[in-house]
Amino acid sequence: MSKRVLLGLLLACGLTASALAQEPKTGGVINAVIQPEPPGLMLAMIQNGPTQMVSGNIFEGLLRYSPKLEPQPELAESWSISEDAKTYTFKLRKDVTWHDGKPFTAADVLFSIEMLKQTHARARANLVQVDKIEAPDDYTVVFTLKQPFGPFLGIFEVGSMPMVPKHLYEGTDWKTNPYNNAPVGTGPFMFKEWQKGSFIRLVKNPNYYEKGKPYIDEIYWQIIPDAAARSVAYETGKVDVLPGGSVENFDVPRLSKLKDTCVTGAGWEFFSPLAWLWLNNRQGPLADKRVRQAIMYAIDRDFAKDVIWNGLGKVATGPSASTIKYYTDDVPKYPYDPAKAKALLKEAGYKGEKIRLLLLAYGETWQRWGEAVKQNLMDVGMNIETISTDVAGGNQKIGDWDFDIAFTYLYQYGDPALGVGRNYVSSNIAKGQVFNNAEGYTNPEIDKLFADGAVATPDSKRKEIYDKAQKILVEDVPVAWLLELQFPTITRCKVKNLITTGIGVNDGFKDAWLEK
Amino acid sequence: MLSFVAQRVLKGVIVLLAIVVLNFFLIRLAPGDPAVVMAGEAGASDQVFVNQLREKFGLDKPLPEQLFIYVTGIATLDLGFSFRQQAPVAKLIAERLPATLLLTLTAFAISLALGVLFGTFAARFAGTFLDTGITIFALIFYAMPIFWVALMGILLFSVTVDWLPSFGYETVGANLAGLAHAADVARHLIMPAVTLGLFFMATYTRMTRASMLEVKRLDFVKTARAKGLSDAVIQRRHVLRNALLPVVTLAGVHAGTLIGGAVITETVFAWPGIGRLMYDALLQRDYNLLLGVFVTCSVMVLIFNLVTDLVYRLVDPRIEFAA
């Protein structure tokens, strides 16, 4: 055998071996951290982060989304849109059963949507453009819209519109339904056990419609309330997956360097968390655009990214994160420029009036960030008083407009019509509520642009509208945009294919497998 | 004695009622309510939705009416429903109480046993190197914050030498039963119980030492000595027994507060107890659950106070059960 043939054979063997190595393997258990402990697992009724993370394995939506946010089939195997862009027809898979064996049909979809309108604030808002929903047969669902709604195909992921079993919820008192604590879905994993305060155990759904999936036998979501203890649990090999945000930022570089550890920032494209400071536009110095612009110039956002967030994330350029549709960076820029900030403050006649900075009680990183921003603003001569409270207390203050500046970060849900406009249109100014236009910014032009953008066709028209909206907003600085946040997921490298969609860990572990 | 107990129970019920009413209003003074928390989590909110939630939780009713509903519920041993966790409060507390009792009672036993032992030694050898050593040892654990001791313990015993688990109540997924399960829980219990126990141990050591030194000077000890009793008997039977009264008082107070006061230990060691349940309920403004935990803790304090009074009598028969 010549050397060349031998080499060829060896290469072929090597390639086959590497191809085989990438072939998913069945079996094994994944131990993941969940923080904080979810209050419940009924995704249709509770939408906090941990609930979505665990229940994304149990429940499913009609669609999933790729990292580029293109819709992909899940419970719906195909869909079509009418020419006038007002009718969306979904064809459901015919081989789907609930975990109790009952078939999943269009009746479940209709029921779920009616339920979600009452229990899920975001689904309710997303469905506002829907005129009627019909099920011509058991496996077809037709949505008729009042007018074309550009982002409509983006509202069907599991967290935004989870499917609920009609046969277990219809005619019952939803809030006390026993299945809230032993949820039944169609997902790749079934609920098995919840030792409150300790762990949640999910097991493989043997009748899952995608044959061969899921590959993993069991998932244990371990509840470890202390951030340092979560790091230790990973270091000592007790858990294999630390979803984004599980450990303090300053621990991320250290844990990332551990043996057999893989880190990824992927899986947040759909949510695209964007951090900003609410600026109360209604009263005092912040009512003046120049003071708000001064704040943008005064804050050293690169420092925050490099030091407080350990280099993770990206400096925000405006109201849209760079990962969502119709983003543009062709907007006015606000580099760190304390001198310019001082000049603007002087021009605006700011005379050292006290400004209250409300911090976000999400842990150490946010505390440090608050201190850094306070320092930045004091450096340019602003008189800042920080206010600390817990999350519920902070939300109440923001809802009551009882703040001057307040930290927050919000998800963008892939499309400006779903996750951006809500924070700037004047129809969303309402006392007592949070996460709307809490800053009190009013601009009829922006109202019109977001109203038009949601219903415009084709895509190029939408882009044009949102480009304009972004420019106006960045010029007006209704809020001070800080960073596009990145929450890295840390795993043992033996955990493969954990994140395959733009929804990441929240989308369930159906593609994940363990290398042995 | 029976009338004493009956009277104390009656007083306890009145105290409990006062606690419920006070806490009911106190909790509602905190900004934010569960409806706002939940609407916020959904990433969108409108007034209709928030109002719907408030109505569902009964938060739209006038405060006195809410209080009346709550108190009548308690009278029938119904602690209400946690809308946040979608389960009856009593069930949620019952799930967590055993873990807390196991942790706190073990810590309590460790602290009392070690505290009295060390205190006795320190008093017996007062002024010596041993006395100074014990005092410093006790002070160190009293002065160091619990979370710090806990983290150092984890670093040493879990990360460095890998002898003990760093978190949890049991090995998750091990599916152990019987003795093996008990041994597993015991292994998990060591660090949290010792951490919590060492903190309280310090106070018992100091209290026992001071009290024994005081009793030692009294005339009846001299008499005992004059009678020719051995030193060991004098220390045990005469000095220690008389010196224990303040320790019992302190233990009674501690035992009650331990139930709800193990929040930090439970958090650092991921111990699934009631302290963490209370903390989460507070953050989520889960009014019913929070009140439920308060009521449970209050009942515990009242029970421990009663037990303390009864133990007094055992320790010092001169004390009468004054009606």
Side-chain angles (χ1 to χ4, degrees), chain A residues 29 31 36-37 39-40 42 45-49 51 118 120-126 175-177 180-181 195-199 201 218 220 222-226 228-230 232-233 235-236 238 361 389-397 399-400 410-411 413 419 422 430 432-436, chain B residues 30-34 36-50 52-53 56-57 81-88 92 95-96 99 147 150-151 154-155 158-159 162 165-173 266-273 276-277 279-280 282-286:
Chain A
V29 176
N31 284 284
E37 181 167 22
M42 182 48 185
M45 296 171 74
I46 300 172
Q47 288 93 40
N48 85 345
T51 300
Q118 294 176 49
H120 194 311
R122 186 152 44 84
R124 181 187 168 91
N126 286 346
K175 65 181 189 286
T176 56
N177 188 307
N180 291 343
N181 287 311
Q195 293 265 349
K196 292 279 169 77
S198 291
F199 64 87
R201 181 181 171 207
E218 291 182 63
Y220 280 96
Q222 307 236 21
I223 298 149
I224 309 173
D226 182 67
R230 291 194 288 277
V232 169
E235 281 180 277
T236 53
K238 302 290 188 296
T389 170
D390 67 354
V391 177
N395 285 347
Q396 180 83 36
K397 277 183 180 297
D400 288 346
L410 289 186
Y411 290 163
Y413 304 112
R422 60 177 172 152
Q433 293 162 45
V434 280
F435 307 147
N436 51 15
Chain B
D33 72 26
V36 174
V37 172
M38 287 179 78
E41 280 170 0
S45 64
D46 59 63
Q47 202 56 50
V48 181
F49 185 77
V50 170
Q52 251 178 28
L53 285 182
K56 203 161 78 174
F57 298 166
F81 193 83
S82 161
F83 295 105
R84 193 70 186 126
Q85 306 216 14
Q86 297 163 349
L92 292 169
E95 277 171 351
R96 298 293 191 92
F147 79 89
L151 286 175
I154 290 175
L155 201 60
S158 300
V159 179
D162 196 16
S166 64
F167 72 95
Y169 175 81
E170 59 192 329
T171 307
V172 170
E266 288 183 2
T267 302
V268 177
F269 290 105
W271 192 260
R276 272 176 53 205
L277 187 69
Y279 181 69
D280 290 343
L282 177 68
L283 288 189
Q284 296 167 348
R285 301 290 188 270
D286 194 339

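Below, chains carry the letters A, B, ... as their sequence lines are ordered, and counting in each starts from 1. Quick caveat, the model's predicted, so the values are computed rather than measured.
Proximity to chain B is limited to the side chain of T236(A), based on heavy atoms less than 4.5 angstrom apart. When heavy atoms are compared at a cutoff of 4.5 Å, F147(B) does not approach chain A at all. Heavy atoms closer than 4.5 Å to chain B are found nowhere in A430(A), neither backbone nor side chain. With a 4.5 Å cut-off on non-hydrogen atoms, L92(B) touches chain A through its side chain but not through its backbone. Residue contact with chain B, scored on non-hydrogen atoms closer than 4.5 Å, involves the side chain of N181(A) exclusively. For E95(B), the part lying near chain A is the side chain, with the backbone staying farther off; criterion is any non-hydrogen pair under 4.5 Å. Only the side chain of S166(B) comes within contact range of chain A, judged by heavy atoms closer than 4.5 Å. When heavy atoms are compared at a cutoff of 4.5 Å, Y411(A) does not approach chain B at all. Of the two parts of I154(B), only the side chain, counted from C-beta on, holds a non-hydrogen atom closer than 4.5 Å to a non-hydrogen atom of chain A.
Taken from CZ in R84(B) to CD1 in I46(A), the straight-line distance is 6.0 Å, to the nearest 0.5 Å. Expressed to the nearest 0.5 Å, how far OG1 of T51(A) lies from CE of M45(A) amounts to 11.5 Å. Rounding to the nearest 0.5 Å places CD of E218(A) at 4.0 Å from CZ of R201(A). With values rounded to the nearest 0.5 angstrom, F167(B) atom CZ is found 12.0 Å from D226(A) atom CG.
The salt bridge (charged side-chain N to carboxylate O under 4.0 Å, His left out) check on K238(A) picks up nothing, with sequence neighbours excluded.
Between the side chains of Q284(B) and D280(B), no donor N or O sits under 3.5 Å from an acceptor N or O.
Considering only heavy-atom pairs separated by less than 4.5 Å from chain A, the leading option among G173(B), P165(B), S82(B), G273(B) is G173(B). For the options Q195(A), M42(A), K196(A), Q118(A), heavy-atom pairs under 4.5 Å to chain B are most numerous at K196(A).
Counting heavy atoms from C-beta outward, R285(B) and N395(A) have side chains that stay 4.5 Å or more apart.
No donor-acceptor distance shorter than 3.5 angstrom exists from the side chain of E37(A) to the backbone of I223(A), with no hydrogens or angles considered.
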